[in-house]
Each structure stands twice: as structure tokens, then as C-alpha cells.
Amino acid sequence: MERIKIKKLLASDSEMGRVTVKGWVRTRRDSKGFSFMELNDGSCLGNIQIIADNTLPNYADALSITTGSAISVTGKLIPSPGKGQKWEIHADSVEIVGQAPEDYPLQKKRHSDEFLRKIAHLRSRTNKYGAMFRIRSEMSWAIHNFYREKGFRYLHTPIITGSDCEGAGEMFRVTVLDPVASGKTGKADYAGDFFGQEANLTVSGQLSAEMFALALGDVYTFGPTFRAENSNTSRHVAEFWMVEPEMAFCDLQGNMDHGEELLKYLVTHALEFCSEDMNLFTSFVDKGLQKVLNTLLNETYERINYEDAVDLLLKSGREFEYKVEKGMDLQSEHERFLAEEYFKKPLFLMNYPRGIKPFYMRLNDDGRTVAAVDLLVPRIGEIIGGSQREERLEMLEKRMEEMNLPRENYWWYLDSRRFGSVPHSGFGMGFERLLMLITGVTNIRDVIPFPRTPGSIDF
RNA sequence: UCCCCAGUAGCUCAGUCGGCAGAGCAAGUGGCUGUUAACCACUGGGUCCGCGGUUCAAAUCCGUGCUGGGGAGCCA
């Protein structure tokens, strides 16, 4: 008989004569004459209650079913006389598909996130992580929906790259050379390597995306990104997913409009299409989450120049551990003060000093600042980082010279400024940080299936 | 990478001044009940993170390493 998803059964508005469900048992409770089981199949947060009478031919088997076991049940969907659930299945047959022995690590009680991280291969069988990864899936679709509706083209930029996108951040090397052998000679033989030159995992698809924005108009990438920084924080992983829109004929204001629209769309989508799972997070993970989500949805995001933000911090009278200094990048505590205490809502910080930003950001008319923009949100900090790109060939070349970037490595990038260059803008949004924001989960390792961090690549 | 904290039963944790290794939950067995983080009783379960040191005696004090957590830097 064809399997039916529990999500569908729980949403039913009438009895069903004969259905088959398959899933994993969360808990079993016995009576003398019958046994109750809570069955979950991952289709939704809720379980369906199974009742098995001792008149079943294999009732002894049913009594051996343990937490974590996989079973297949056929029976009638009937209104439950007990409290706590609308429907239950009165079983005509219960078949054990896969028994889980007593050392099954998940108990029918709350486990710590730290413990569940050590059994990341099983944690998605818990309520919280099941909900998390359903939301993660739904948010991925929402991103594609958003861009498709807006006429953006989905672009697949390379994972392996020869270019060092921003000259910032440590990169993972990609090689077929034997590290032991190359250690003997004392230096790497790139000419003998697969690509004949140094190759790395991408830290951003931006430069490639710019080329396609200048052809297809509006494009976006959404894929894995790699940073080999030795960052040990709750907001960093070595492999993460990033959304990077790139828009032709778009200035900094348009860039911010787009970021705000995207974020609001995604929050709306989560609340509309993941309401049951979202409810778990607003109720149990973070009591203040609903308020944060309301703010994200209903407030107009602040837009403030870097220099004005620095003035504001200096005048705040607030004692910071690190002094606020003009020309320096803001510290985490400064960003948090602005987003969480001063404005109490998301804010775009724009027009940073040129000295602390990469070469491709457009130089403003004041000559001191560039058209950079970061979106800061409460708790997470920076969730979006972007800029209007420098579209003027001479200015771009000058900036590259200042930063000692070899022009020949970027010949193709510079070509885009020689042939029909136009103002354009874009940004990167960390997908995991988005998930943290909308679920209230505070550790990035808990929003990605198998996190990769320094010294840790299990699973 | 730096600063701080932690590591004791399957899980969460207590363990006082250095003096016999503990609780709750889970698991196993039995009982009871349209049950629902069921309930009641009994039972089993330990490399006190590893290594070294101090001491008559170390879970406890000292050193060191490993692992995890929080914060910082870097960033998304």
C-alpha cells in the first residue's frame, strides 16, 4: 500500500479507512491491552499517535519496538478519544522495518546542543533540528522564488578558482600534488600541478557575477563558499552558503533597497510557509524572537553613513572596551550597540573609509570614502556586505595600483570596464546567518547539516 | 590565534577542608493504567578527559596536552 505522509494525515478533515505510514518511533507507552506509539516521518514537526491492540498477530514484536526504530503501520485514521491530538491511527498491522537497539543515543528528553553536535548524523531526528532543516530547505526555495519573480538569472560561478577575489581572507588550496613530496623540495611546483598554477576554493563568486550582470542584467549566485580563516566563533564556519546578487545599472541606494526587500521577503516566507516549525523557535529557543521578526518585517531599516555612526558612537557617552576611532573598522561591540540599543532595528552602514575596504568598491566624490554598505542586524551583526562597484577603468586601475594588485591577474575583470562599463552593485548575504536570525539559534554550527570548523571535519 | 570557563554513569549535573563515587532522567526487568516528556517498584551501569607531579591518601592541589563552550580578532 502506498505510503502517506504524516503531515497530510494530521491536516485531514475526515476519517480515512485504510492508510499506511512509515517513520521513526519517538516513544512507546504500553497498556495491558494495547500499546501507544508516537511516529514521526520528518514530513512535519508533529507525530501521529499509533494505537496497537494486543489482538495483533505480531503484538509481541510491537512490544519490542524501541525509541528510534523504523516501522511501517497500516490502519484506520480515526478521531482520537484521548487528549492532546486530533487524529490517531488504529493499527491493523505493525511491521518493524529497522530496529534501534537500546544504545540509540537520542532519549525522549531534551538534549544539549553541544551533545547533539557530536551526533550530527542523528540530530535531525529531534524536533528542533528537524524543524531547523525543514526551514533551511524552505528558505533555499524562497531565495530562488524571490529572484525568479524579480527576473534575476541564477548563475553558477566556479568553486575552484585561480583568482584571489579580494586579496582578503585565507583560502583553501586545491592541488593534486603530494604534500609530502613538495615538502622535500621546500617549495610548491605549481607548474606541475593540475591547473599549472595556484588554485583555491572560492571565497566569493562576486567577480564572476559582475561579468554576468553586465550581460544578463540582474543575476545571483547561491552556493557554497570557503574561508580558511582560523576563526573560532559561533558565527563562522569554513564552508558556508552565500547568496550574491549582482545588478547592472544599480547604485548604492538600489543595492540597499534590494537587501531590505530580500530580507523582508524571506522573513515573511518563513512565517507563512514554516509556521509550525517557526513556532518551535519562537516558543522554546528564543522568547524574544517574535519581536525581532516583527521588527525585521515592519521597520524601515536605518541608513547611516559610517562617519555619522562614528560621531554617534563618540557622542553616546557609552564606555566601550575598544575606543571608537575614525578611519578604523567598527568593533563588534560598536555594531551591536548601534543595532541592538541605539536604533533597535537593522541598519545599513554605508560609505566607509577607502583604506579599510577592497579595491573594487566605488570611490565616492569626496575622495575619502567608498560606496560600501553593510547591513547590521541585532545579535548576528553583519548579515550583508556589499558595495557599488567601481565601474570607471582609470579609477579601478589606480586603486589596484595602490593596493599592489597585479593587473595581469585581473585582465578580464578590467576588460569589463573597457567594454560598455555601467554602474552596478551587489552584495553577499550569509545564508547560515540568515537562518540564525530568523530562528534565534545562536551557534552557526546548528544551522548547517555538518559544520566544518578549524580542527573539525567529522561526518 | 588570544582571553575566560568547563570536562564525573547513556544524558544533565552535584561532589564541602584532599579521606569509601552520588542524584535526577535514560536503559533493563516486573507491575498498573486510553496513554501522551505516563506512573510505581526493583536491577545493572564509572579509565572522575589523557599524561606527569605533590601527598600516607587526589575527582579534588600543581604542570602539561586534548576536547568542548563563551568572548575577541577576521568576516558572511
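Each chain gets a letter, A, B and so on, in the order its sequence line appears, and its residues count up from 1.
Listed by residue number, A:Glu102, A:Gln107, A:Lys108, A:Lys109, A:Arg110, A:His111, A:Ser112, A:Glu114, A:Phe115, A:Arg117 are the residues of residues 96-117 of chain A with a heavy-atom contact under 4.0 Å to RNA chain B. Using a 4.0 Å cutoff on non-hydrogen atoms, the parts of residues 77-94 of chain A near RNA chain B are A:Ser80, A:Pro81, A:Gly82, A:Lys83, A:Gln85, A:Glu88, ordered by number.
Across all strands shown, B:C61 pairs with B:G53; the Watson-Crick or G-U wobble distances both stay below 3.5 Å. Pairing for B:U67 goes to B:A6, judged as Watson-Crick or G-U wobble with the two contacts each under 3.5 Å. Summarising the base pairing, B:G46 is matched to no nucleotide, lacking a Watson-Crick or G-U wobble pair whose two defining distances lie under 3.5 Å. B:A23 is paired with B:U12 under the Watson-Crick or G-U wobble criterion, all donor-acceptor distances under 3.5 Å.
Checking side-chain atoms of A:Glu391 against main-chain N and O of A:Pro423 turns up no donor-acceptor pair under 3.5 Å.
In this structure, the separation between CZ on A:Phe343 and CG on A:Leu376 is 10.0 Å, given to the nearest 0.5 Å. One distance of note links NZ of A:Lys323 with CD of A:Glu319; it measures 11.0 Å at 0.5 Å rounding.
Counting non-hydrogen atoms under 4.0 angstrom, A:Thr27 reaches the backbone sugars and phosphates but no base.
One finds no side-chain N or O of A:Thr233 lying less than 4.0 angstrom from the OP1 or OP2 phosphate oxygen of B:C75. Taking 4.0 angstrom as the limit, A:Asn232 places none of its side-chain polar atoms (N or O) nearer than this to OP1 or OP2 of B:G71. OP1 and OP2 of B:A76 both lie 4.0 Å or more from every side-chain N or O belonging to A:Arg433. Contact annotation: A:Gln331 reaches the phosphate of B:G73 (side-chain N/O to OP1 or OP2, under 4.0 Å).
Between A:Lys150 and A:Glu261 there is a salt bridge, with a side-chain nitrogen of the basic residue lying less than 4.0 Å from a carboxylate oxygen of the acidic one.
A donor-acceptor contact closer than 3.5 angstrom is absent between the side chains of A:Tyr352 and A:Asn305. Between the side chains of A:Ser35 and A:Asp30, a donor-acceptor pair is found at a separation under 3.5 Å.
Comparing B:G34, B:U36, B:C32 by their nearest atom to the side chain of A:Phe34 picks out B:G34.
Taking both residues in full, the closest heavy atoms of A:Phe240 and A:Arg227 are given as CE2-CG, 3.6 Å, listed atom of the first, atom of the second, then distance.
Spacing of C1' atoms, B:C74 relative to B:U60, comes out at 40 Å, to the nearest Å. Remark: the separation of the P atoms in B:C3 and B:G63 is 15 Å, to the nearest Å.
Between the side-chain ring of A:Phe36 and the base of B:G34, no stacking contact exists by the 5.5 Å and 30° definition.
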